[in-house]
Amino acid sequence: MPTFVIVGHRVRTDDDFSLNDLPGSTGRLDVLLRCVNSAFMLSNDIRKDVDVYLVLLGEPDPPRTVHFKGGGLKYLNPDERSTGALVKKALAEKVWSEETGVAPGVFVSKRGLAEVLGDNPGRLVYLREGGNDVREVALSNDDVFVLGGHEDLTSEEEAIIQDGRETLRVSLGLKSLHADHCITLVLNELDRL
Ligand SMILES: C[S@@+](CC[C@H](N)C(=O)[O-])C[C@H]1O[C@@H](n2cnc3c(N)ncnc32)[C@H](O)[C@@H]1O
């Protein structure tokens, strides 16, 4: 099943934010919430065969990872506010390196990028402007797609991705896109296989 790992460098790692001001009070969690929407929402259904990890690295206590498992999701709605409420609930939990369930299909842990990638052994596809054209590589439903949220990955994060494992660097076109739009395009490529 396709897995998406999205890194939010400044996204708060506690629940001290307002659902009424997601862009201003969260370190741009709103960008990652739109990624969740793109990964799971079909017109009248939810994709059950997708996994999403939001890796949060902002203040006050990074890292936190909120994991959405399509197969188990029950209370996911298309609006950012209700998904934001699920993340807020997750960030109110005490966290450990093992995942804690916070709602059906939603889990939180104190894992960072390296741990999340270590738990997902598929081939890595690093989505990046300037990579190999997506139409010239054979994507697979078992790939693990990694991308930046509001900001690009750092060179340290790129080193984690390229650490001794098969990794493709793939571009979705010449223009720099929003992260959620990248997910829509990747899933469309996979749907068409
Ligand atoms: C909003 S962009 C990050 C900032 C953006 N690179 C900029 O110039 O401001 C979010 C992420 O989407 C992915 N991305 C954006 N455009 C892409 C493209 N054309 N092909 C592949 N990935 C892309 C990259 O992982 C990027 O870090």
Side-chain angles (χ1 to χ4, degrees), residues 1-13 17 21-41 47 50-59 62-68 70 78 80 83-84 87 111-120 122-163 165-193:
M1 108 171 97
T3 298
F4 293 90
V5 180
I6 308 116
V7 179
H9 293 104
R10 294 171 202 271
V11 177
R12 285 199 71 82
T13 44
F17 60 82
D21 182 17
L22 288 167
S25 67
T26 60
R28 299 308 309 267
L29 175 63
D30 60 307
V31 172
L32 304 195
L33 299 175
R34 287 193 285 279
C35 289
V36 173
N37 175 298
S38 292
F40 293 112
M41 289 295 159
R47 291 183 188 268
V50 174
D51 248 13
V52 169
Y53 293 83
L54 306 181
V55 179
L56 315 183
L57 300 176
E59 294 296 323
R64 292 284 188 282
T65 290
V66 184
H67 178 190
F68 292 80
E80 280 168 38
T83 310
V87 172
R111 294 177 189 171
L113 180 63
E115 291 87 0
V116 169
L117 297 184
D119 285 345
N120 287 277
R123 181 179 65 174
L124 293 184
V125 177
Y126 174 30
L127 296 174
R128 191 73 171 94
E129 299 95 316
N132 297 305
D133 188 331
V134 68
R135 300 272 163 93
E136 285 166 19
V137 297
L139 294 185
S140 151
N141 276 305
D142 295 325
D143 286 337
V144 178
F145 299 89
V146 187
L147 65 164
H150 182 52
E151 296 168 351
D152 290 330
L153 298 194
T154 63
S155 49
E156 290 82 7
E157 289 159 350
E158 289 187 340
I160 291 172
I161 290 176
Q162 281 142 13
D163 191 16
R165 147 170 193 193
E166 187 187 1
T167 305
L168 294 178
R169 193 176 168 119
V170 169
S171 164
L172 298 162
L174 296 178
K175 297 191 192 296
S176 186
L177 304 169
H178 287 292
D180 56 323
H181 297 168
C182 292
I183 292 173
T184 300
L185 289 173
V186 166
L187 286 171
N188 184 252
E189 291 292 327
L190 292 172
D191 288 343
R192 295 164 66 99
L193 285 179

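Read the numbers this way: they start at 1 and go in the same order the structure lists the ligands and their atoms.
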Chemist: Does any N or O in the side chain of Thr167 come within less than 3.5 Å of the main-chain N or O of Gln162, such that one atom is a donor and the other an acceptor?
Modeler: no
Chemist: Taking salt bridge (Lys or Arg N to Asp or Glu O under 4.0 Å) as the definition, give me every residue that meets it alongside Arg111, ordered by chain and number, with sequence neighbours left out.
Modeler: Glu98, Asp119
Chemist: Show me, by chain and number, every protein residue that has a heavy-atom distance under 4.0 Å to ligand 1.
Modeler: Leu127, Arg128, Glu129, Leu147, Gly148, Gly149, His150, Glu151, Asp152, Val170, Ser171, Leu172, Gly173, Lys175, Ser176, Leu177, Cys182
Chemist: Could you list the residues that satisfy salt bridge (Lys or Arg N to Asp or Glu O under 4.0 Å) with Asp142, not counting sequence neighbours?
Modeler: none
Chemist: Give a yes or no on whether the backbone of Leu56 and the side-chain of Arg12 come within a donor-acceptor separation of less than 3.5 Å.
Modeler: no
Chemist: Which residues pass the salt bridge (Lys or Arg N to Asp or Glu O under 4.0 Å) test with Asp51, sequence neighbours left out?
Modeler: none
Chemist: Tell me whether Thr13 contacts the main-chain N or O of Pro63 through its side chain, where contact means a donor paired with an acceptor under 3.5 Å.
Modeler: no
